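In the text below, chain A, chain B and the rest are named by the order of the sequence lines, each starting its count at 1. Note that the coordinates shown come from a computational prediction; the quantities given were computed from them, not determined experimentally.
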Amino acid sequence: MALDKNFFQDVYEVVKLVPEGRVTTYGAIAQYLGLKSSARMVGWAMNQAHVVSGVPAHRVVNRNGLLTGKHHFETPQAMQLRLEQEGIIIVNDKVQNFDTLVWYPVKELL
DNA sequence: CGTTTGACAATAT
DNA sequence: GATATTGCCAAAC
């Protein structure tokens, strides 16, 4: 984890730690980094995520379980497609069983 | 160098 | 319950 200096780097590491078939939220990541409501920075970081390889940004959704950032993917369908590929059911751009699939780094890695 | 905005979230009205 | 406001940090303008 190592919060060197790059906020983004930490975000990427946490996202990489997300288990397959599982999703996380911006707030969860922000919380894990010690912040409380700077989920926007996480979103910012994800904007750069497409530049970095190995960052499963498709596993990051908003606290509502909605695929808000699908538009930032190669194709808007890529996000939903990848999630479904991992066994996650997406309906109307929303993660089904989100409560069960959500993965909190603070809680799991603690 | 000051202002705006961004893949959000939590609180307040 | 839904809309409006605030917080947070960094990058783009």
Side-chain angles (χ1 to χ4, degrees):
Chain A
M1 308 57 164
L3 285 82
D4 283 10
K5 46 188 177 173
N6 288 351
F7 190 87
F8 301 146
Q9 186 71 44
D10 295 326
V11 175
Y12 302 147
E13 290 201 31
V14 176
V15 176
K16 287 179 188 174
L17 291 174
V18 177
E20 195 174 294
R22 213 66 131 188
V23 293
T24 190
T25 70
Y26 301 93
I29 296 171
Q31 215 171 32
Y32 177 74
L33 296 179
L35 305 168
K36 294 180 180 174
S37 304
S38 50
R40 308 166 81 144
M41 274 88 264
V42 180
W44 240 129
M46 299 308 292
N47 194 301
Q48 301 281 318
H50 78 97
V51 180
V52 182
S53 50
V55 181
H58 57 272
R59 291 184 190 151
V60 184
V61 295
N62 65 357
R63 106 149 192 68
N64 215 5
L66 195 67
L67 282 59
T68 49
K70 67 173 184 178
H71 261 285
H72 287 262
F73 275 78
E74 308 153 15
T75 102
Q77 305 175 3
M79 190 171 190
Q80 178 173 338
L81 210 64
R82 283 185 179 176
L83 288 172
E84 289 180 335
Q85 196 172 17
E86 296 184 359
I88 299 175
I89 310 301
I90 310 295
V91 176
N92 193 3
D93 296 341
K94 175 116 186 317
V95 177
Q96 300 303 297
N97 303 324
F98 177 69
D99 289 16
T100 314
L101 292 173
V102 68
W103 181 79
Y104 287 92
V106 176
K107 187 177 178 181
E108 301 293 331
L109 295 178
L110 191 61

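- Applying the 4.0 Å criterion to OP1 and OP2 of dC8(B), one finds that T68(A) has a side-chain N or O inside that range.
- Here the C1' atom of nucleotide dA9(B) and the CG atom of L66(A) are 14 Å apart, to the nearest Å.
- Summarising the geometry, the separation between CG on L67(A) and P on dC8(B) is reported as 12 Å, rounded to the nearest angstrom.
- For the pair Y32(A)/V42(A), no side-chain contact is recorded, criterion being any heavy-atom separation below 4.5 Å from C-beta on.
- Using a 4.5 Å cut-off on side-chain heavy atoms (C-beta onward), R59(A) and E20(A) make contact.
- Checked against dA7(B), dC8(B), dA10(C), the side chain of F73(A) finds its nearest nucleotide in dA7(B).
- To the nearest 0.5 Å, atom CD of residue Q80(A) and atom NZ of residue K70(A) are 7.0 Å apart.
- Proximity of L83(A) to L67(A): side-chain heavy atoms (C-beta onward) are separated by under 4.5 Å at one or more points.
- Whole-Å rounding puts the K70(A) NZ to dA7(B) P distance at 14 Å.
- Between V23(A) and V18(A) the shortest side-chain heavy-atom distance does not fall below 4.5 Å.
- Nucleotide dG6(B) holds its C1' atom 16 Å from the NE2 atom of H71(A), rounded to whole Å.
- Between dT5(C) and dT4(B), the distance separating the two P atoms is 16 Å to the nearest Å.
- Distance N64(A) CG to dG1(C) P: 14 Å, rounded to the nearest Å.
- Inter-residue side-chain proximity for K16(A) and V55(A) is flagged as met; some heavy-atom pair is nearer than 4.5 Å.
- Within residues 41-59 of chain A, the residues that place at least one heavy atom under 4.0 Å from DNA chain C are, in residue-number order, M41(A), W44(A).
- When side chains are defined from C-beta on, I90(A) counts as touching V95(A), because their heavy atoms get closer than 4.5 Å.
- Side-chain contact check for V15(A) versus I29(A): some heavy-atom pair is nearer than 4.5 Å.
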List, with names and distances, any nitrogen or oxygen atoms from the protein found under 3.5 Å away from nitrogen or oxygen atoms belonging to nucleotides 10-13 of chain B.
unit_1, atom_1, unit_2, atom_2, d
dA10(B), OP2, R63(A), NE, 3.3

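- Less than 4.0 Å separates DNA chain B from no heavy atom of any residue of residues 92-104 of chain A.
- Scanning all heavy atoms of the two residues, the minimum distance from A39(A) to G27(A) falls at CB-N, 4.0 Å.
- Within the 4.5 Å cutoff, side-chain heavy atoms of L17(A) are placed close to those of W103(A).
- Each of F8(A) and A39(A) has a nearest nucleotide on DNA chain C; the 5'-most of these lies closest to A39(A).
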- Walk me through it: do D93(A) and M79(A) pass the test side chain to side chain contact (heavy atoms under 4.5 Å, CB included)? CA-CA 9 Å; D93(A) 296 341; M79(A) 190 171 190; over 6 Å; no
